[in-house]
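Notes to accompany the following structure.
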Amino acid sequence: LMATQAPVLIAPAMNIHMYENPILQENLRKLRRVGYEILEPGEGYLACGYEGKGRLPDPEAILDQIRWQLKKKDLTNEKLVVTAGPSREPLDPIRYISNRSSGKMGYALARAAARRGAEVVLISGPTALMAPPGVKLTAVNTAAEMRQAILDEYATCTGVVMAAAVADYHPAQFSADKIKRGTGSLQVRLEPNPDILKELGQRKDGKLLIGFAAETGNLEANAEKKLREKNLDMIVANDVTREGGGFDGDTNIATIIDRRGATRSLPLMSKDELADHIFDHLLTLRR
Ligand code: PMT
């Protein structure tokens, strides 16, 4: 190990008292000082029968850290606002209107951007996901809250990537009490939400704007229309009716269209891989 010139990651795993031993802790500090990366052990049941800190982290976490260390840092000049997940538009204290977005696409984008050295603010609707390491998370519920959170960061960011599935409408009236079951039908009137990306495109202020288009037909024509109408630099069109594409799963099938008219259709791939393609394309636009 001492002979290698490669970056080294150490994932210590042992009995909790061994791990907390001051001699071991001093040795870990020494290793950190000379440039070795240490991945903190997890907490829980230990092979020796004790409970506590000392578990080998999940293989996925180790792999994530390796990817993080090896990734080229080509986004260090960017501060990116990434949005993810659905918005929830409340009807009463219990019910809301929402959609099938899991947040996986947005979280993959935030993870990739942070790995590549960008400062990342992830503005997320409700999801079951953990914020990726090194990312500032702002949790929101409604489209109006998402809009405000983005505007709060807009002046200091270099770009916005909107993978969130923002509801286009919200109930015109919020009932402070639970809506009771009646005998007849119930009508809910909906009012339009602000189109956040369109508003950003009208201001622009030199920021790079990347949108997504979730389509069920005429993929490229509809996406291109959104690119122009919202004054975007790039749009990632996904046909959400295709197997393995769009909502919820770990994969996506996308076509990237940019403001110069360049179009790139990508095959089925993981959302993590797609995120890297999107940032590679962002760098070509920057150049
Ligand atoms: O979250 P996952 O389960 O991983 O699924 C990923 C995804 C399918 C949600 C994602 O890949 C995707 O396509 N996100 C955009 C969904 C969407 O709202 O598309 P749209 O065509 O309705 O909107 C176009 C763009 O305008 C989007 O960037 C959207 O964020 C933005 N928008 C939409 C409405 C609104 N009121 N304000 C907006 O800014």
Side-chain angles (χ1 to χ4, degrees), residues 80-89 97-112 122-129 132 140-151 153-154 159-170 190-204 207-258 266 268-275 277-278 282:
L80 298 173
V81 173
V82 177
T83 69
S87 72
R88 274 185 189 170
E89 310 297 332
I97 295 175
S98 191
N99 59 65
R100 289 175 42 223
S101 171
S102 63
K104 286 182 180 172
M105 190 66 243
Y107 279 61
L109 286 157
R111 187 161 44 245
L122 174 61
I123 298 172
S124 174
T127 73
L129 306 174
V140 296
N141 270 303
T142 62
E145 286 169 18
M146 184 169 282
R147 173 183 173 273
Q148 193 51 54
I150 296 171
L151 293 182
E153 300 287 345
Y154 198 63
V160 178
V161 189
M162 291 242 359
V166 188
D168 283 317
Y169 293 90
H170 66 272
L190 301 175
E191 293 280 358
N193 273 334
D195 186 328
I196 307 171
L197 208 41
K198 193 169 181 180
E199 191 179 334
L200 300 181
Q202 279 158 1
R203 290 192 182 197
K204 201 77 189 219
K207 318 290 180 186
L208 222 125
L209 297 181
I210 302 178
F212 271 71
E215 301 297 340
T216 52
N218 291 329
L219 183 71
E220 285 182 31
N222 284 339
E224 223 170 320
K225 189 160 172 270
K226 285 178 186 166
L227 175 94
R228 305 274 163 237
E229 280 176 1
K230 301 187 190 217
N231 193 21
L232 308 179
D233 298 287
M234 194 199 302
I235 195 151
V236 182
N238 37 191
D239 181 343
V240 294
T241 61
R242 286 180 72 182
E243 180 82 34
F247 289 99
D248 203 16
D250 293 317
T251 58
N252 207 348
I253 310 166
T255 299
I256 297 177
I257 306 171
D258 73 25
L266 296 164
L268 176 94
M269 61 180 66
S270 73
K271 286 180 176 171
D272 284 309
E273 281 174 275
L274 175 59
H277 278 286
I278 292 166
L282 176 151

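For ligands, and for the atoms within them, numbers begin at 1 and follow the listed sequence. Sequential numbering from 1 along the given sequence is applied to the chain's residues.
- Contact annotation: for N252 versus ligand 1, heavy atoms closer than 4.0 Å belong to the side chain alone.
- V161 is listed as a side-chain neighbour of F212, based on a closest heavy-atom distance under 4.5 Å.
- Counting atoms of ligand 1 from 1 in the listed order, those under 4.0 Å from a heavy atom of M162 are 27 (C), 28 (O), 30 (O), 39 (O).
- Only backbone heavy atoms of P194 (N, CA, C or O) come within less than 4.0 Å of ligand 1; its side chain stays farther off.
- Not a single heavy atom of E199 lies less than 4.0 angstrom from ligand 1.
- For the atom pair I210 CD1 and L282 CG, the distance stands at 4.5 Å (nearest 0.5 Å).
- When only interatomic distances are considered, the shortest N/O to N/O separation between E215 and ligand 1 does not fall below 3.5 Å.
- Under 4.0 angstrom from ligand 1, the non-hydrogen atoms of A163 all belong to its backbone.
- Distances from atom 34 (C) of ligand 1 to the heavy atoms of D168, N222, N99, I150 show the closest one on D168.
- For ligand 1, the polar-atom distance check against M105 finds a nitrogen or oxygen pair separated by under 3.5 Å.
- Under 4.0 angstrom from ligand 1, the non-hydrogen atoms of K271 all belong to its side chain.
- With a 4.0 Å cut-off on non-hydrogen atoms, L197 touches ligand 1 through its backbone as well as its side chain.
- With a 4.0 Å cut-off on non-hydrogen atoms, A164 touches ligand 1 through its backbone and not its side chain.
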Can you list the steps and then say if E89 with Y169 is a side chain to side chain contact (heavy atoms under 4.5 Å, CB included)?
CA-CA 8 Å; E89 310 297 332; Y169 293 90; over 6 Å; no
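- Short contacts between ligand 1 and K104, defined as distances under 4.0 Å to a heavy atom of the residue, involve ligand atoms 1 (O), 2 (P), 4 (O).
- Per-residue contacts place S102 under 4.0 angstrom from the following atoms of ligand 1 (heavy atoms of the residue considered): 1 (O), 2 (P), 3 (O), 4 (O).
- Numbered from 1 in the order shown, with element, the atoms of ligand 1 that lie under 4.0 Å from a heavy atom of G103 read 1 (O), 2 (P), 3 (O).
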